[in-house]
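Note sheet for the following structure.
Just so it is clear: chains get the letters A, B, ... in the order the sequence lines come, proteins before strands, and each one is counted from 1.
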Amino acid sequence: MLRAGMIRQLGAGAYTYLPLGLKVLQNAVRIVREEMDAAGANELLMPALQPVELWKESGRFEAYGDMLMKLTISGNHHMALGPTHEEVITDVVRNLVRSYKQLPITLYQIQTKFRDEARPRFGIVRTREFLMKDAYSFDANLEQLNASYNAMYEAYCRIYDRCGLPYVVVEAESGPIGGDSSHEFMVPCSTGEDRVIFCPSCGYAANQERAEIGHIKKETPEPAASAAAYESVETPNKRTIRDVCEFLGVPETASAKLLVFVADDKPVAALIRGDHEANEAKLRRAFKATTIAPADPAIIQKATGVPVGFLGPVAIKIPLVVDRAIAEMSTVVVGGNAVDVHFKGVVPGRDFPITNLHDLRNAEVGDACPRCHSNMEVKSGLEIGHVFKLGTKYSKAMGANYLDEKGTENPVIMGCYGIGINRIVAAAIETGNDANGIIWPLELAPYQVTLVPLQAGDEVVRKTDEIEKVLTDAGIDVLVDDRDLRPGVKFKDADLIGIPLRVVIGERGLKDGNIEVKWRTEKDSKNIPADGAGQAVLAELQEARAKLASECRSRIESRAASRKG
RNA sequence: CGGGGCGUAGCGCAGCCUGGUUAGCGCGCCUGCCUUGGGAGCAGGAGGUCACCAGUUCGAAUCUGGUCGCCCCGACCA
């Protein structure tokens, strides 16, 4: 995009959209707006500048932490630049909605969001300032919520279909907010920041943060009382799993690590196989906590009396949960809870309790699918949308209530739905490009057609003007490349900026009564008669649009069919 | 916030180690000629606080210290 002259970097995570790039962004906005309106949502616009009191009221001032951009303005008012608008919209609704008769309602806006990202990266994928469409639904009961949620889900599918993006919908982690359901829309691509776990045989797909691991019943090894007791070995200065395993000559899969977390201010321990990765969301659920974070070494030392690197589950003093994979091991190498000591041959269930068994780790390639138990696979994905059932978190915290038929007060039930507009653009480029440049989908392209007159002669200019007029009269935005440059330069530029349809008007072709038409996606061009060329180009475009529309329609139908089935 | 790299013309870079003419090169830009169906050629030209601040030195793009900015890896990312 930089190369094509569409954006320009101002600083870390801040980009200017030049005219060509802005047109693409606006096309994405237009599609989103059309589909939101069609889904029955109402547009409004809330301020980006918000009083921090609102954030304290919802309890998210702390939860959002450094991501929230804070500033002080005249008169010593503390303000924040909104990273999202649950607080503001809830404030709006608590003041306006009184009765169940006003529900359900879905409101949305398209607006610039601010997040103080620790590390902006991947060009426009992760920036400190970005355009977001955020929608919020307000319902009186779960039935209504499901209807609102499904309407947004379906609208999102239509939006991405129209943008020509090959998306997948995955189950997502809903975070400490809770709620029963959350889906992310992902575009598979190498620059994606998220890892999607999916099952090729049954279609299960989830964010790695969320993905469950199928539990295959194996014979749990007998905690044989007859087996030898564990032995204590000196492991001077061997603190990491790799060091210890190398030192003892055992594979990492035969070891286990004890990780200490702070769950709602209390230190807790989790035992995970040495080569596995802990999943904080799963841990949080296992401990039934609302917040969880890795404990720092000082806290660990204080809570366990053991320095980091030698922690083990045997006779540990803080609450312990154990990953399921541990229970399938007959013996395990663990920390000895003393400096420079590890234990070999420790038997789970005999030497430490495995009563608190949970799925605690990140799913990996080859893990069993939670539905059909086939091996799952992993790929990278770029998150372009997220739909979310919020429940009553904000309405309860901020007192957004309505009166039901019986006259009793209830908190409204909320949902929220976000689309990163810039990411639609980024995803379109990631999935549509070749060595010559970008290949825009028809609906996003900055211009649908470019006219390339090769010479400045009268006849060529006249024909170009004629075609331009026909297309413009039909409401089509046309880019005419009337620069005085060599043909090769114009062709290369047209390819680079990815205009879907290129029309070449040249003296050579006109002599034979031809002009040339070429789709960016196709290898070869074709000649059409110069007479009535404008109408022919128009027909060509309309045909392509009709094809897209019918493809979208058939996708909508197949989604509807699969929902019934 | 940790680790690494880089700041020299609009863009991409060389020069720095070993201080010393007028700081170069490619692309782009401007003028003219020529050329015109896949990034032509020739000739001429414009364009620089060498990121910033301080220090060492007769002399600093070059050496030293600090500051700022950007990029990459990691931690983080309801």
Taking the minimum atom-to-atom distance to the side chain of [X], which one of [options] wins?
| X | options | answer |
| --- | --- | --- |
| A:K492 | B:G38, B:C77, B:A40 | B:G38 |
| A:T84 | B:G74, B:A78, B:G38 | B:A78 |
| A:E86 | B:A40, B:A78, B:G38 | B:A78 |
| A:R121 | B:G38, B:G74, B:C77 | B:G74 |
| A:D493 | B:G38, B:G39, B:C76 | B:G39 |

Distance alone, cut at 3.5 Å: any donor-acceptor contact between the side chains of [X] and [Y]?
| X | Y | answer |
| --- | --- | --- |
| A:Y394 | A:R60 | yes |
| A:D134 | A:Q109 | yes |
| A:E87 | A:S58 | yes |
| A:K389 | A:N146 | yes |
| A:T464 | A:E466 | no |
| A:E364 | A:H276 | no |
| A:Y417 | A:S137 | yes |

Nearest-angstrom distance, [atom1] atom, [N] to [M]:
| N | M | atom1 | result |
| --- | --- | --- | --- |
| B:C68 | B:U22 | P | 35 Å |
| B:G69 | B:A60 | P | 28 Å |
| B:G66 | B:C25 | P | 36 Å |
| B:C63 | B:C50 | C1' | 16 Å |
| B:C11 | B:G28 | P | 16 Å |
| B:A40 | B:C33 | C1' | 14 Å |
| B:C30 | B:C72 | C1' | 38 Å |
| B:G20 | B:G15 | C1' | 14 Å |

Query raised in the report: Between A:Y167 and A:F185, how do the two ring planes meet: parallel, tilted or perpendicular, split at 30° and 60°?
Result: tilted

Query raised in the report: Can you say whether the rings of A:Y160 and A:Y156 are parallel (under 30°), tilted (30 to 60°) or perpendicular (over 60°)?
Result: perpendicular

Query - Quiz item: cation-pi between A:R128 and A:F114, 6.0 Å / 45° - result: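 Negative - A:R128 is either too far from the ring of A:F114 or too far off its axis.
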
Query raised in the report: Is the charged tip of A:K70 near the ring of A:F61: under 6.0 Å from the six-membered ring centre and within 45° of its axis?
Result: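 A:K70 over A:F61 ring: yes.
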
Report task. Return the 5'-most residue of the pair A:G506, A:G123 with respect to RNA chain B, ranking by each residue's nearest nucleotide. Result ->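 Closest to the 5' end, via its nearest nucleotide, is A:G506.
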
Query raised in the report: How long is the span from the CD atom in A:E62 to the NZ atom in A:K56, to the nearest 0.5 Å?
Result: 7.5 Å

**Report entry** salt bridge (charged side-chain N to carboxylate O under 4.0 Å, His left out) partners of A:K238, counting only residues at least two apart
**Finding:**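 Counting only residues at least two positions away or on another chain, A:K238 forms no salt bridge (charged side-chain N to carboxylate O under 4.0 Å, His left out).
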
Requested in this report: Assign A:D66 to base, sugar-phosphate, or nothing according to its heavy-atom contacts below 4.0 angstrom with the strands shown.
Outcome: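 Touches nothing.
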
Look for any protein N or O under 3.5 Å of an N or O in nucleotides 32-35 of chain B and output each such pair with its distance, or none.
unit_1: B:U35; atom_1: O2; unit_2: A:R486; atom_2: NH1; d: 2.9

Identify the pairs formed between an N or O of the protein and an N or O of nucleotides 68-71 of chain B at a distance under 3.5 Å, and give each distance.
unit_1: B:C70; atom_1: OP1; unit_2: A:A12; atom_2: N; d: 3.0
unit_1: B:C71; atom_1: OP1; unit_2: A:Q9; atom_2: NE2; d: 2.7

Query - Derivation of the side-chain hydrogen bond (donor to acceptor under 3.5 Å, both in side chains) call for A:Y149 and A:D139 - result: CA-CA 10 Å; A:Y149 186 86; A:D139 296 289; over 6 Å; no

Please tabulate, one pair per line, all N/O donor-acceptor pairs under 3.5 Å involving side-chain atoms of residues 450-462 of chain A, not counting sequence neighbours.
unit_1: A:T450; atom_1: OG1; unit_2: A:L479; atom_2: O; d: 3.1
unit_1: A:Q455; atom_1: OE1; unit_2: A:E507; atom_2: N; d: 2.9

Filtered N/O pairs between nucleotides 2-10 of chain B and protein, under 3.5 Å:
none

Query raised in the report: If pairs are Watson-Crick or G-U with both distances under 3.5 Å, what is the dot-bracket string of RNA chain B, marking crossing pairs with [ ] and pairs to another strand with |?
Result: (((((((..((((......[...)))).(((((.......))))).....(((((..]....))))))))))))....

